[in-house]
Protein chains: 2
Amino acid sequence: MPRSPLPRRRATLASLAAELNVSRTTISNAYNRPDQLSAELRDRVLAAAKRLGYTGPDPVARSLRTRRAGAVGLVITEPLTYAFSDPAALEFVAGLAETCEEVGQGLLLVAVGPDPGGRGVEAVNSAGVDGFAVYAPAADDPCLLAAIDRRLPVVVVDQPRDLPGVSWVGIDDYRAMRELAEHVVGLGHTDIAVISMRLGDRSCDCPAQLVAEDRLRATEFHGQADRISAVRDAMADAGLDPSGLVMVEACRHVAESAAAAAEIALRANPRVTAIMCTADVLAIWVMDFLRGRGIYVPGQMTITGFDGIPEARNRGLTTVAQPNLEKGRRAGELLHHPPRSGQPVIEVLPTELIRGRTSGPPTG
Amino acid sequence: MPRSPLPRRRATLASLAAELNVSRTTISNAYNRPDQLSAELRDRVLAAAKRLGYTGPDPVARSLRTRRAGAVGLVITEPLTYAFSDPAALEFVAGLAETCEEVGQGLLLVAVGPDPGGRGVEAVNSAGVDGFAVYAPAADDPCLLAAIDRRLPVVVVDQPRDLPGVSWVGIDDYRAMRELAEHVVGLGHTDIAVISMRLGDRSCDCPAQLVAEDRLRATEFHGQADRISAVRDAMADAGLDPSGLVMVEACRHVAESAAAAAEIALRANPRVTAIMCTADVLAIWVMDFLRGRGIYVPGQMTITGFDGIPEARNRGLTTVAQPNLEKGRRAGELLHHPPRSGQPVIEVLPTELIRGRTSGPPTG
DNA sequence: GTGAAAGCGCTAACAG
DNA sequence: CTGTTAGCGCTTTCAC
């Protein structure tokens with residue numbers, strides 16, 4: 001038998017079989033069913049593999065054959081840089097990653113990119129995965145639709161909630177924000193502003209803007225809308241005029257946008273004594289902005305957040321905590337062990353009101 | 001032609017071709033080479049695809065055929081939860097992710113898990129990727145070796161640096177830390193401690209421990225060792241006895257471990273006036289610990305970090321900043337466009353000493 | 001225990 | 001512009 005010192009071409013299962021004069025099945029078994037062949041033969045196979053630089057069955061070919069990719073996909077419809085700047089999102093990813101680690105699956109970050117329409121869909125369609133988690137997309141996001149079309153297990157996180165036949169993991173946004181708003185209203189605030197994340201597509205080119213009634217009604221970000229509605233309802237229930245609520249959206253997920261939103265809110269109604277943000281990062285950015293303006297929290301301004309990220313706790317932010325890590329874990333479990341029934345699962349996680357040091361009664 | 005209302009089986013390229021009475025090539029072309037067929041035919045194909053629920057060529061089969069997976073793998077040899085708790089690592093990931101986004105590649109987080117020997121290697125071997133970035137592994141980490149054995153483009157990040165034939169991206173740990181140490185020594189400190197990340201495998205069950213001379217020499221974490229050596233050399237050059245340097249390793253990547261390390265350092269030499277940490281997170285945890293002990297920084301204790309994470313800047317930490325995001329970007333570029341020569345690339349990124357508010361002269 | 005046969009779903013020449 | 005021909009590297013019955 002001629003000895004090939006350095007195989008030019010990558011070794012394959014077939015070439016190994018040829019080298020050893022055994023069938024391909026035997027090589028396959030050596031890797032996948034060690035009990036199906038003698039230990040001695042197996043050792044010979046493994047030795048030859050090492051000699052030829054064969055590192056085991058090609059993952060792609062195996063996936064094609066077994067129809068299992070060994071990874072789940074995570075679709076985040078924001079640019080990854082933004083996503084990575086929100087600890088809440090990060091905690092979710094960590095939770096999801098943990099479950100992947102536990103079951104030995106990979107986690108594929110699907111590169112959606114800034115242009116969601118074109119390449120994002122393509123990326124979703126060409127992801128070699130066994131299922132998708134889609135993180136808080138707009139209800140009409142093309143990537144979300146593409147993921148669903150792949151007909152793999154999908155779990156939608158946070159929003160939209162009402163997709164037929166699709167599993168969902170999230171919280172009760174309305175109830176959580178309602179409780180928080182009642183706390184704020186209960187403190188005696190009558191002039192309130194709410195600052196939300198963007199409510200429309202990414203085409204908006206201003207950093208922040210006032211939210212008109214119909215924009216709120218038409219938004220594809222139901223979670224954000226629910227949180228805003230909760231504030232209005234809490235006001236109405238307390239006998240305040242909900243139409244007085246100043247609504248501003250921070251169009252981009254950066255500090256400048258949040259600052260601009262705060263500025264707009266204060267300008268829209270200078271008597272505002274409480275700013276409720278729909279995310280802790282927003283609240284923190286707003287607080288930084290206020291500090292620059294010499295406005296004290298909570299003395300002159302009550303600030304609330306949403307999410308319960310570590311930094312919020314450190315800074316004593318009044319907020320609603322949601323179990324972000326657990327959300328990731330639940331999503332992972334749903335993906336790794338899809339319900340046999342094929343029925344979608346709706347999983348509402350608990351939230352907890354945290355009365356911090358950033359909320360207090362309004363000052364005359 | 002019988003019309004199948006709801007195809008039981010997932011539609012394939014072949015079934016679409018049969019349905020339309022065209023060849024498989026034509027279908028393939030409709031997706032991959034739109035210019036190779038008439039617009040009219042292409043529309044018919046796409047329409048039929050939609051009708052049959054065909055979302056385009058199966059990514060796995062395509063990968064097998066084209067020999068390109070469309071994703072790069074990121075191997076982090078720490079449990080993902082730890083990795084996600086270090087902003088420096090996160091920035092690296094963000095940079096890498098950005099480049100993936102730009103070229104439309106996926107980013108596969110390879111689930112190494114807590115047990116690196118067994119399943120970790122398996123995970124690396126079964127990752128369907130076109131290349132690996134391996135983040136700061138021990139020089140003898142089995143996953144690192146496995147990644148290299150896959151014979152795909154590999155770029156090692158931070159350490160180990162001297163792997164033959166493997167690209168590397170990182171900084172000059174020795175020089176960076178040397179400069180920082182000279183700053184500290186220059187302030188007049190003579191009793192110095194250094195707290196490093198773990199230097200051995202994960203089997204150590206204490207939260208922190210003193211580092212013996214031979215452990216330092218034998219560690220597989222060359223980057224950490226270089227940083228420690230730099231401190232000693234700076235001391236020696238200033239006429240101090242480097243053997244007086246208290247060396248402690250925080251065995252786990254958590255606050256408790258850092259606190260324990262600080263405690264050990266202070267007990268080993270109560271006259272210590274400067275604690276140099278090999279990571280900003282360590283420094284921050286140590287500062288939190290000191291605050292609890294009522295020890296003021298920098299009045300009673302000088303603290304330095306390493307990495308230049310945002311929180312370090314916010315807190316005025318004296319540290320060495322390294323371009324973490326850029327590191328991720330460079331790694332990504334190397335993976336997406338491997339040098340045609342096949343020659344490995346060694347990329348040393350610049351660092352910058354940041355004199356913050358946590359270092360000052362020692363108090364008598 | 002081991003081997004032979006039959007594809008998984010797709011793309012890349014190369015003819016027409 | 002369209003079709004034919006050959007696999008990519010592997011797993012999996014099913015016989016032997």
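Reckoned from all heavy atoms, side chains included, excluding hydrogens, waters and symmetry mates. Residue numbers start from 1 in every chain, and the chains themselves are labelled A, B, ... in the order their sequence lines are given, proteins ahead of strands.
Looking at residues two or more places apart in sequence or on another chain, you find a side-chain contact (heavy atoms from CB on, under 4.5 Å) between B:Ser126 and A:Arg62. Every ring-ring contact (aromatic ring centres under 6.0 Å, His included) that B:Tyr54 has, sequence neighbours left out, goes to B:Tyr31.
Across all strands shown, A:Val60 has no heavy atoms under 4.0 Å from either base or sugar-phosphate atoms. Residue-level contact check: A:Leu37 touches the backbone only, with heavy atoms under 4.0 Å from sugar-phosphate atoms and none from bases. Nucleic acid contact class of B:Thr25 (heavy atoms, under 4.0 Å, all strands): base.
Distance, A:Asn21 CG to C:dT2 P: 14 Å, rounded to whole Å. Rounded to a whole Å, the CZ atom of A:Arg24 is 8 Å from the C1' atom of D:dG9. In this structure, CZ of B:Arg33 is placed 15 Å from P of C:dC10, rounded to the nearest angstrom. If you take CD1 of A:Ile27 and P of C:dA4, they are 13 Å apart, rounded to a whole angstrom. Following rounding to the nearest Å, A:Arg65 (CZ) and C:dC10 (C1') show an atom-to-atom distance of 15 Å. The separation between A:Leu20 atom CG and C:dT2 atom P is 12 Å, rounded to whole Å. Between B:Gln36 atom CD and C:dC14 atom P the separation is 15 Å, expressed in whole Å. B:Arg62 places its CZ atom 9 Å from the P atom of C:dA12, with the value rounded to the nearest Å.
Considering only heavy atoms from C-beta on, A:Cys100 stays 4.5 Å or farther from B:Leu80 through its side chain.
For A:Asn29 and C:dG1, the shortest distance from a side-chain N or O to OP1 or OP2 is not below 4.0 Å. Not one side-chain nitrogen or oxygen of A:Ser63 sits closer than 4.0 Å to the OP1 or OP2 atom of C:dC8. OP1 or OP2 of C:dC10 lies within a sub-4.0 Å distance of a side-chain N or O belonging to B:Tyr54. The shortest distance between the side-chain N/O atoms of A:Arg67 and the OP1/OP2 oxygens of C:dC8 is not below 4.0 Å. Close to D:dC8, at under 4.0 Å from its OP1 or OP2, lies no side-chain N or O of A:Thr12.
Between the side chain of B:Thr66 and the base of C:dA12, no donor-acceptor pair of N or O atoms lies under 3.5 Å. Counting atom types as modelled, A:Ser28 pairs no side-chain N or O with a base atom of D:dT12 as donor and acceptor under 3.5 Å.
Among the candidates B:His336, B:Arg329, B:His337, the single residue satisfying the side chain to side chain donor-acceptor pair (under 3.5 Å) test with B:Thr99 is B:His336.
Residues B:Leu41 and A:Gly56 each lie close to DNA chain D; by heavy-atom proximity, the contact nearer the 5' end of the strand is made by B:Leu41. Between B:Ala61 and B:Ala39, the one whose closest nucleotide on DNA chain D sits nearer the 5' end is B:Ala39.
Smallest separation of non-hydrogen atoms from A:Ser167 and A:Pro344: OG-CA, 3.5 Å.
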